[in-house]
Amino acid sequence: MKIYLDNAATTKLDGQVRKAMLPFYKEKFANPSSIHFSGQKNNLILEDSREKIAKNLDTTSDRIVFTSGASEANNFIIRGVMEANQDKGKHLIISAIEHPSVYDLAKDLKKRGFDVDFLPINNKGIVEVDKFKKLLKKDTVLVSIMAANNEIGTKQPIEELIKLTKENGSYFHSDLVQAIAYEDISIDKLNLDFASISAHKFNGPTGVGIAIINPKIKINPLIIGGGQEGDYRSGTYNLAGIVGLSKALEISCSQRKENRKKVKEVRDYFLKQLKKEIPDIKINGCLKRRLPNNLNIRFEKIEGEAILIELSSKGIEVSTGSACSALNLKSSYVLMALGLKDEELNSNIRFTLSKDTSLADIDYTITNLKKIVKRLKSFSPIK
Amino acid sequence: MSLNYTKKTLDYFLKPKNIGEIKKPDASATIGNMVCGDQLNFTMKVEKGKIKNIKFLSFGCASNIATASVMTQAVKGKTIEEAKKLDWHDIVKDLGGLPQQKVHCSVMAIDGLKKLIKDYEKKLKK
């Protein structure tokens, strides 16, 4: 028995996607930059994939830059825009709960002399527009705020933030990694300058992502040498990955509405059962403005990693923000930003569902979770 | 990140030894706290210089529970002087190794033992 509830970490590769990718690992292996016919045939496939992706994101293909994933896209966009636009200023705003590929990068830029502000979140896990307004400055070059958070799933009011950013004459980037599978996103309607997407979060392959850029805005490349992607990103094309991304996005967008509804129903059932069967639990972050597949739960008086490992021994796979499970032994900065007290930081589990999660999966999870919580509590020194 | 526990560590986590609290103990000690994500509460009964019984409660991860199990098992029945010789390396070895970032759990179990013995010796002097 295996119940996979860690879909914010990665998702299962879709069978149709795998099938679409396979020829590019077999007979269609030619480099799309090669001039011979096999190469140029693949070049057409590359550009066709780009067109399809652009259409599904409601933007134009000249704005799509293929990368190795969203971490690279985040690094490329933020560093590239900040470095290339120093005539405009040196100020960057990010939220306090951005993914490490934004958060740690911003800290690095700060060390290198850029002026960085971290926009806090409220106790619901959402940034406040009034506080944002106060941070905007004349020399603010870029604002980077994620559409939805990877740990607590809360959705940020990016529409409003984009509007204010534009009025200020600054550029806006949004990490769309977690949101893209469930939120209707039109790049052009949102007036987004930059965005990052990763294929493996919507049943595509790992190792491929997209940086959405605005060709009118200056940006320095991260990887130089070869000149692929109009010099924005050098390196041989991962064509199998790009074809996979295109197919996965097509499937995801066409099923988005029904997946959203289906996943939310199962998630809400999960929460109902949790509340009914397990005492002393708290939800981290606002439930209403949250992705339909996310539940981040605090189990009082017991430690998160212990819950995770015991769940795993029962075939149930989840994730935790507990210090114990982190390489650096530090608790989640997202949960800290949410205002959790020190003693509350090490008792949290993230459950992230997928379109394949069934009610039976939830029942099995609840049955086991109930036993696990009871056992761990039975020898907890915390009264 | 590599966080592969040995089967032995997992067994000790899922079926820990010496769990609980001794009533009217000869010594007790708490090490760690909820903020660091690990807390162990030890209680001990000593008879004729030997550790007759030792138990623990845990707010901690799998390796915290496993290392405390191994430590308590190792010193149960031993003299206080013998118990003092137990080293965190012995615990790691007994478990067949611990993930690098989890080695501190074995150190904590030993620190807890030291604190427990100190409490016992302090009470003995009174």
Side-chain angles (χ1 to χ4, degrees), chain A residues 6 9-10 100 280 282 298-333 335-336 339-349 368-369 371-383, chain B residues 1-22 25 28-43 54-69 72 95 98-108 112 116:
Chain A
D6 197 18
T10 196
D280 303 332
K282 296 263 155 59
R298 189 163 88 240
F299 296 88
E300 289 180 353
K301 298 169 193 167
I302 53 178
E303 201 279 326
E305 198 237 57
I307 303 171
L308 180 151
I309 296 288
E310 195 165 350
L311 278 171
S312 192
S313 78
K314 301 288 177 196
I316 303 160
E317 300 178 324
V318 300
S319 150
T320 175
S322 178
C324 266
S325 70
L327 203 53
N328 60 5
L329 298 174
K330 280 184 182 158
S331 308
S332 152
Y333 59 80
L335 297 177
M336 277 188 215
L340 262 65
K341 294 189 200 115
D342 287 346
E343 66 269 24
E344 296 170 341
L345 286 168
N346 295 305
S347 302
N348 305 285
I349 297 287
N368 282 286
L369 203 50
K371 286 183 203 156
I372 292 167
V373 170
K374 199 176 162 196
R375 181 182 90 93
L376 293 174
K377 257 191 186 166
S378 75
F379 55 80
S380 169
I382 317 298
K383 302 294 170 205
Chain B
M1 182 176 70
S2 169
L3 226 174
N4 277 303
Y5 287 127
T6 60
K7 193 182 170 293
K8 206 168 175 186
T9 308
L10 288 175
D11 286 346
Y12 271 120
F13 162 58
L14 295 170
K15 291 186 181 120
K17 308 289 177 201
N18 305 313
I19 277 283
E21 217 170 353
I22 300 168
S28 62
T30 296
I31 188 111
N33 56 58
M34 279 176 92
V35 177
C36 4
D38 284 310
Q39 183 180 326
L40 288 166
N41 289 20
F42 292 102
T43 43
I54 176 166
K55 284 184 183 288
F56 74 95
L57 296 174
S58 157
F59 170 92
C61 60
S63 64
N64 171 280
I65 294 164
T67 50
S69 287
T72 50
L95 289 170
L98 273 176
Q100 200 195 338
Q101 72 271 32
K102 293 291 182 179
V103 171
H104 78 100
C105 291
S106 63
V107 177
M108 190 169 160
L116 190 63

Peer 1: Measure distances from B:Leu14 to the heavy atoms of chain A and classify the residue's part below 4.5 Å as side chain, backbone, both or neither.
Peer 2: both
Peer 1: Please look at B:Asp38 and chain A and tell me whether the side chain, the backbone, both or neither of the residue comes under 4.5 angstrom of a heavy atom of that chain.
Peer 2: side chain
Peer 1: Would you give the length of the straight line joining atom CG of B:Leu57 to atom CG of B:Asn18, rounded to the nearest 0.5 angstrom?
Peer 2: 12.0 Å
Peer 1: Which answer fits A:Lys377, side chain, backbone, both or neither, if we ask what part of it has an atom under 4.5 Å from a heavy atom of chain B?
Peer 2: neither
Peer 1: Can A:Thr320 and A:Asn348 be counted as having a side-chain donor-acceptor contact under 3.5 angstrom?
Peer 2: no
Peer 1: What part of A:Ile302 gets within 4.5 angstrom of chain B, counting heavy atoms only: side chain, backbone, both, or neither?
Peer 2: backbone
Peer 1: Under 4.5 Å heavy-atom distance to chain A, tell me which part of B:Leu10 shows up: side chain, backbone, both or neither.
Peer 2: side chain
Peer 1: Tell me, do B:Ile31 and B:Gln39 make a side-chain contact under 4.5 Å, heavy atoms counted?
Peer 2: no
Peer 1: Take A:Arg298 and A:Leu335 through the test side chain to side chain contact (heavy atoms under 4.5 Å, CB included) and record every step on the way to the result.
Peer 2: CA-CA 10 Å; A:Arg298 189 163 88 240; A:Leu335 297 177; over 6 Å; no
Peer 1: Output yes when B:Lys102 and A:Glu305 qualify as a salt bridge under the 4.0 Å nitrogen-oxygen rule, no when they do not.
Peer 2: yes
Peer 1: Heavy-atom pairs under 4.5 Å with chain A: which of B:Ser58, B:Gly20, B:Pro99, B:Ser63 has the most?
Peer 2: B:Ser58
Peer 1: Under a 4.0 Å N-O cut-off, is there an ion pair linking A:Glu310 with A:Arg375?
Peer 2: yes
Peer 1: Between A:Ser313 and chain B, with a heavy-atom cut-off of 4.5 Å, which part of the residue counts as in contact: side chain, backbone, both or neither?
Peer 2: side chain
